Each structure stands twice: as structure tokens, then as C-alpha cells.
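What follows is one structure encoded as C-alpha cells, with my remarks underneath.
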Amino acid sequence: MTTAKDIMHSGARWIPAHETLDRAAQLMREHNVGALPVSANGDADRMVGIITDRDIVVGCVAMGHDPSKVTAGELAQGTPRWIEADADVNAVLEEMQNHRIRRLPVVENKKLVGMISEADLAQHLTEEQIAAWAERVYSRS
């Protein structure tokens with residue numbers, strides 16, 4: 001059985017909710033990632049959201065806000081989603097499809113251990129699995 005841990009990339013990193021978006025962008029550049037889970041201030045075990053590079057551009061910069069004055073916690077919206085490291089790949093696909101998300105944090109013993117992105121799916125799934133996933137995530141309905 002292929003699990004979330006088998007297909008994730010490890011080394012995912014939190015950003016505390018109080019950190020600014022310019023710092024988030026720096027971390028994304030340093031770690032070559034496009035998303036960071038946002039942790040509650042002072043509690044690296046509690047996710048309050050996730051922010052993406054696109055969120056920073058569209059939700060902050062394009063709105064005329066200063067990324068050095070807006071925090072990750074202010075930008076993070078919605079209910080955070082994640083998957084357990086031992087979850088079957090079908091559960092991963094279902095979670096991503098049902099919530100129309102492209103990146104999914106992976107936790108083990110309540111600790112962030114990795115992230116699953118579209119690129120990870122492309123490397124580990126069959127063409128049929130990828131096509132079905134993309135149709136559900138990107139469909140307009």
C-alpha cells in the first residue's frame with residue numbers, strides 16, 4: 001500500500017502566524033516551496049491555515065498592501081486540511097479532490113513531517129490517477 005509518507009516531500013516548514021508575508025516569501029525562496037503551513041503563535045503543533053506564493057501576490061501585493069506589515073495569520077483563511085502520514089494514497093487523493101486543494105500537509109504523531117504537492121502526485125501516480133485528480137480539482141463545477 002502506497003501511503004502519504006511514501007509520496008510526500010519531507011522537510012516541510014511552518015511559519016508562525018505572527019510572521020510577516022515578506023518573511024514567508026523569503027522562507028519559500030530558501031526552501032524552494034510554494035506553500036507554508038501557518039502555525040498558531042507559540043504553538044508549532046497547531047495549524048491555523050496555509051499560505052501560498054499566489055496568496056501573497058493576489059491577497060496582499062495586488063491589493064496594494066505592504067507584505068512587511070501583513071502577517072501570515074491575517075492572510076491564512078479557511079479550515080486547514082492535512083493528512084496522516086500512514087494514510088493510503090487514495091485517501092490523499094480524496095482529501096485533495098473533495099476540498100479542491102493542490103498542496104496537503106502531512107502529519108505524523110501530530111507533527112508536520114512533509115507536504116504533498118501536484119509535483120509529488122505526478123511523480124508517484126499513474127496517468128489515470130493524475131487525470132482523475134486534475135479533473136476533480138480543476139473543474140469549474
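Computed from a predicted model, the values in this text were never measured in an experiment.
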Roughly how far apart are Thr71 OG1 and Asp22 CG, rounded to 0.5 Å?
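Answer for the OG1-CG pair, Thr71 versus Asp22, is 11.0 Å.
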For [X] against [Y], the heavy-atom pair lying closest together:
| X | Y | answer |
| --- | --- | --- |
| Val61 | Pro67 | CG2-CG, 4.2 Å |
| Asn98 | Arg136 | OD1-NH2, 2.9 Å |
| Gln97 | Val137 | CA-CG2, 3.9 Å |
| Met47 | Pro37 | SD-CB, 4.0 Å |
| His65 | Gly59 | CD2-O, 4.1 Å |

Considering residues at least two apart in sequence or located in another chain, which fulfil the side chain to side chain donor-acceptor pair (under 3.5 Å) criterion with [X]?
| X | answer |
| --- | --- |
| Asp66 | Ser68 |
| Asp6 | Thr3 |
| Ser10 | none |

In a table with atom names and distances, give each donor-acceptor pair under 3.5 Å that connects a side chain of residues 89-96 to protein atoms at least two apart or in another chain.
residue : atom : partner : partner atom : Å
Asn90   : ND2  : Asp88   : OD2          : 3.1
Glu95   : OE2  : Arg81   : NE           : 2.6
Glu95   : OE2  : Arg81   : NH2          : 2.9

Just jot down the side chain to side chain contact (heavy atoms under 4.5 Å, CB included) partners of Glu30, sequence neighbours excluded, or say none.
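Result, side chain to side chain contact (heavy atoms under 4.5 Å, CB included) vs Glu30: Arg23, Gln26, Leu27.
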So does Thr126 get a backbone contact from the side chain of Gln129, meaning a donor-acceptor N/O pair under 3.5 Å?
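Side chain of Gln129 to backbone of Thr126: a pair is present.
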Check which hydrophobic residues are tied to Ile50 through side-chain heavy-atom contacts below 4.5 Å, counting indirect links as well, and list them.
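Under the 4.5 Å side-chain rule, Ile50 groups with Met115.
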